[in-house]
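Chain letters run A, B, ... following the sequence lines, proteins first and then strands; every chain starts at 1.
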Protein chains: 2
Amino acid sequence: MDHPQGSALQPFLSRLALRSLLTPAEGNAIMGLSGHVTPVATHVDFVSVGDHVDHSCLVVSGLVGRFGQNSDGSRQITCLHIPGDMPDLHSVVSPKAGWGLTALTPTTILRVAHSDLRYIASQHFGIAEAFWRDCVADGSIFSEWVVNVGRRGATARLAHLLCEMAIRCERAGQGDRRSFVLPITQSDLADATGLTGVHVNRTLRELRSRSIVTARSKVVTIHDWDQLVSIGDFDDAFMMLDGPYPRIAAAA
Amino acid sequence: MDHPQGSALQPFLSRLALRSLLTPAEGNAIMGLSGHVTPVATHVDFVSVGDHVDHSCLVVSGLVGRFGQNSDGSRQITCLHIPGDMPDLHSVVSPKAGWGLTALTPTTILRVAHSDLRYIASQHFGIAEAFWRDCVADGSIFSEWVVNVGRRGATARLAHLLCEMAIRCERAGQGDRRSFVLPITQSDLADATGLTGVHVNRTLRELRSRSIVTARSKVVTIHDWDQLVSIGDFDDAFMMLDGPYPRIAAAA
DNA sequence: CGTTCTATTGAGGGAAGTCAACAGTGGTGG
DNA sequence: CCACCACTGTTGACTTCCCTCAATAGAACG
């Protein structure tokens, strides 16, 4: 059991604090978490569909995709996760994985035991509430992705996804929305948008030629934010960023 | 403030108990909830995107769709909710709606104040945990719907949706998976699967002609369950029905 | 300095969308 | 009790967006 520096846990605490009010004691409890630091190579699944897990994974660096799979092997990414996210926090209350997690670029994760997460959640109601709210925030993203994939054309789908990641990277303190790092291949972008790699390529070319966004060598540069928002029909309400929200019960 | 009979709350308690262990005291706290009973006519939105809500809606009878919307008015349903479901339980921790709720058939809902839900959650950790887990279960359905809409053809999409609703109706005690009531139009089915009404019609005709499933006058009859599961690539793992799961903290 | 993964482009095909017309169904009021 | 009206379901003809297959160029890695 490694004792990671705060540098791994601080982004996680920041993400929670974006939506939930935490007391200093609760913050300390989270910063006191420990786990195994594990490097994961590109395109390696570190949680597979059907696994029973006894820990949750905190993204320390890199990029993670949550995915579902068909029996023919085709995949659909259902959410992207950046450093500070805990993509399977929900496994604390649902330990059998109905999903998979894969590294989309060389990634480092911190595996935190469910027993530790349970302990601090049971000791601090505010942490249980923050975890609950965090799972709701992820669920809200899934829900928006259903809309994106179900009722938008290829250009809008990509525009929407890029808007979402721009805001999330900005909020996580990783550059601003005009330019951020998104180390993902066009093929994985296709799995995230329900398209094919070829069509993602053509669609990105179109966005590039219209001088709206450039996605090259892992860096996304948005030249015309307003138009990208308009093309993607993007409304950030689903991201639950108008918090932090009031606590259910008074702080201890 | 009406005091509804147990008949409205019992299915909600049963749904929670499918996945979470609740003490008798916790069960009583849930059965003691009260709220406003409201009838909703077909295709009336009773929560609109962007609303600030101070209550959650329990489906007493009928069928509810959670949906997202594009600025051109096109809609995508992201989850169906049957009696006993609380489609916006998550609004307890996230009161600004990034989604909408609409009645797909004449429906009755029970509006329960957030303050009441917060109170029982703060008094009983097991209830907070059950609410958290219930939100995770809904999120898991959203996530599967992303896969369904993003990476399956029209026939598989409909097959998968029908399998899901068959299992859910069965678990909710509303008939068995071979035959259940699903009062939804083909047009709304299209909004749930990311297709058009016309194509849903053609696809249902195909499933009917292959003697796999009949969907007529609000009743779905599945003649060949195994083949429907196969066509829809359906695996019920995402539904989190292998519980109830252990409690985070010992029962009080 | 080759090997492998990723990006790019073209040509052709297919699944689902669009438009349009009509038939069936259920509810409502005269 | 029936006649009407609005909604839903059904089908055909045509279109379009995206997929498939295939080949090549470029980039990253040891």
**Report entry** N/O (side chain, A/R208) to phosphate O (OP1/OP2, C/dT8) under 4.0 Å
**Finding:** yes
Query raised in the report: Closer than 4.0 Å, any side-chain N/O of A/N201 to the OP1 or OP2 of C/dT8?
Result: yes
Name the nucleic acid region contacted by [X], choosing base, sugar-phosphate or nothing; use a 4.0 angstrom heavy-atom cut-off, strictly under.
X: A/R216; answer: sugar-phosphate
X: B/R205; answer: sugar-phosphate
X: B/G197; answer: nothing

Taking atom [atom2] of [N] as reference, at what distance in whole Å does atom [atom1] of [X] sit?
X: A/R151; N: C/dA16; atom1: CZ; atom2: P; result: 13 Å
X: A/L195; N: C/dG14; atom1: CG; atom2: C1'; result: 16 Å
X: B/L204; N: D/dT10; atom1: CG; atom2: P; result: 8 Å
X: B/L104; N: D/dT8; atom1: CG; atom2: P; result: 11 Å
X: B/R152; N: C/dA15; atom1: CZ; atom2: C1'; result: 17 Å
X: A/I184; N: D/dA27; atom1: CD1; atom2: P; result: 20 Å
X: A/D191; N: D/dC19; atom1: CG; atom2: C1'; result: 14 Å
X: A/K218; N: D/dA27; atom1: NZ; atom2: P; result: 13 Å

Query raised in the report: Rounded to the nearest 0.5 Å, what separation is found between the CZ atom of A/R152 and the OG1 atom of A/T193?
Result: 12.5 Å
Query raised in the report: Does the distance from a Lys or Arg side-chain N to an Asp or Glu carboxylate O, for A/R15 and A/D138, drop under 4.0 Å?
Result: yes
Query - B/E206/B/R202 ion pair, N-O < 4.0 Å - result: no
Query raised in the report: Out of B/I231, B/L228, B/I212, B/V229, which one pairs with B/L162 under the side chain to side chain contact (heavy atoms under 4.5 Å, CB included) rule?
Result: B/L228
Query - Residue A/T185, side-chain atoms from C-beta onward, closest of D/dT8, C/dG17, C/dA7 - result: C/dA7
Query - A/R202 side-chain proximity, nearest of D/dC19, D/dA13, D/dT8 - result: D/dC19
Query raised in the report: Is the charged tip of B/R177 near the ring of B/W225: under 6.0 Å from the six-membered ring centre and within 45° of its axis?
Result: yes
Report task. Map B/H199 and A/Q186 onto DNA chain C by nearest heavy atom, then report which one ends up closer to the 5' terminus. Result -> A/Q186
